[in-house]
Amino acid sequence: MKNSFEEKVYKLCRSIPKGKVAIYGQLARLAGNRKAARAVGYYMKTNEDVPHTPCHRVVAADGSLTGYSGRGGIAGKRKMLIREGVQFKKNKVDLGYSLWKKSS
DNA sequence: AAAATGACGGTGT
DNA sequence: TACACCGCCATTT
């Protein structure tokens with residue numbers, strides 16, 4: 001069993017509310033490793049909990065949608081987020097308005 | 001065990 | 001704002 005960094009990342013990913021988005025660095029930081037953003041992305045890619053983990057709600061630090069192994073790729077991901085209520089700025093997410101905050 | 005890869009982040013140009 | 005380079009971590013080969 002993992003019960004460690006990996007599990008924390010997945011758990012946090014599932015904790016992201018609809019209409020909000022989190023950044024890889026944020027998940028990495030909450031999981032305990034601020035610089036593990038890269039590894040976090042790797043988990044999303046492998047993404048075992050596919051329908052269980054809304055990996056599409058995770059974006060880059062500047063709101064850019066980097067990669068998506070799911071259907072539609074980046075385009076589909078962007079559309080999906082918009083559909084959930086996330087505000088977009090051109091090709092990037094409006095973090096100042098839709099960035100998820102761990103709060104409590 | 002060592003080297004290569006990747007859905008990143010930050011800084012420099 | 002866009003592109004390039006370096007540094008970081010975890011996983012895979």
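Treat the numbers as computed from the prediction; the structure is a model and nothing was measured. Naming convention: chains lettered A, B, ... in sequence-line order (proteins, then strands); numbering from 1 in each chain.
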Inset, instruction - Let me have a per-nucleotide readout for nucleotides 4-9 of chain C, 5' to 3', with B, S or -, counting only protein heavy atoms under 4.0 Å. - result: ---BBB

Inset, instruction - Compare every heavy atom of A:Phe5 with every heavy atom of A:Ala31, then report the nearest pair and how far apart it is. - result: CB-CE1, 3.2 Å

Legend entry - A:Lys20, A:Lys18, A:Arg57 screened by side chain to side chain donor-acceptor pair (under 3.5 Å) with A:Glu84, the one that passes: A:Arg57

Inset, instruction - Following the transitive rule for hydrophobic clusters with a side-chain heavy-atom cut-off under 4.5 Å over Ile, Leu, Val, Met, Phe, Trp and Tyr, establish whether A:Val93 and A:Ile82 coincide in one cluster. - result: yes

Inset, instruction - Measure the distance from NZ on A:Lys77 to C1' on B:dA7 and round it to the nearest whole Å. - result: 6 Å

Inset, instruction - Output yes when a side-chain donor or acceptor of A:Tyr10 lies under 3.5 Å from a complementary backbone atom of A:Tyr43, and no otherwise. - result: yes

Inset, instruction - Calculate the interatomic distance between A:Leu27 atom CG and B:dA7 atom P; express it in whole Å. - result: 16 Å

Legend entry - A:Val40 reachable from A:Leu12 in the ILVMFWY side-chain graph, under 4.5 Å edges: yes

Legend entry - Nucleic acid contacts - residues 11-22 of chain A versus DNA chain B, non-hydrogen atoms under 4.0 Å: none

Legend entry - Value in whole Å for how far the P atom of B:dA7 lies from OH of A:Tyr10: 13 Å

Show me the side-chain donor-acceptor pairs of residues 59-70 of chain A shorter than 3.5 Å, one per line, residues at least two apart or across chains.
residue	atom	partner	partner atom	Å
A:Asp62	OD1	A:Ser64	N	3.2
A:Asp62	OD1	A:Ser64	OG	2.9
A:Asp62	OD2	A:Ser64	OG	2.8

Inset, instruction - Would you indicate, yes or no, if C:dA2 has its OP1 or OP2 atom less than 4.0 angstrom from a side-chain nitrogen or oxygen of A:Lys92? - result: yes

Legend entry - Whole-Å gap separating P (C:dT1) and CG (A:Asn91): 13 Å

Legend entry - Residue-phosphate contact under 4.0 Å: A:Tyr43 side-chain N/O, C:dT11 OP1/OP2: yes

Inset, instruction - Only counting residues at least two apart or in another chain, list the ones meeting side-chain contact (heavy atoms from CB on, under 4.5 Å) with A:Ala22. - result: A:Ile16, A:Leu27, A:Trp100

Legend entry - More than 12 heavy atoms from other groups under 6.0 Å of CZ on A:Arg34: no

Inset, instruction - Mind listing the closest non-hydrogen atom pair of A:Gly19 and A:Ser98 along with its distance? - result: O-CB, 3.9 Å

Legend entry - Gap between atoms CE and C1', on A:Met44 and B:dT5 respectively (whole Å): 18 Å

Legend entry - Selection: residues 55-63 of chain A, any non-hydrogen atom under 4.0 Å of DNA chain B: A:Cys55, A:Ala60, A:Ala61

Legend entry - Backbone of A:Val58 reached by a side-chain donor or acceptor of A:Lys77 within 3.5 Å: yes

Inset, instruction - Check whether any side-chain heavy atom of A:Arg78 sits under 4.5 Å from a side-chain heavy atom of A:Val86, and report yes or no. - result: no

Legend entry - Contact residues, residues 65-75 of chain A to DNA chain B [heavy atom, < 4.0 Å]: A:Thr66, A:Gly67, A:Tyr68, A:Ser69

Legend entry - Approximate separation, where rounding is to 0.5 Å, of A:Leu95 CG and A:Gln26 CD: 10.5 Å

Legend entry - Gap between atoms CG and P, on A:Asn47 and C:dT12 respectively (whole Å): 14 Å

Legend entry - A:Ile23 CD1 - B:dA7 C1' separation (whole Å): 14 Å

Inset, instruction - Starting at atom CD of A:Glu7, determine the distance to atom P of C:dA10, rounded to an integer number of angstrom. - result: 16 Å

Inset, instruction - Drop me the distance from A:Leu81's CG to A:His56's NE2, to the nearest 0.5 angstrom. - result: 5.5 Å

Legend entry - Distance-minimising heavy-atom pair for A:Ala28 and A:Ala36: CB-C, 3.7 Å

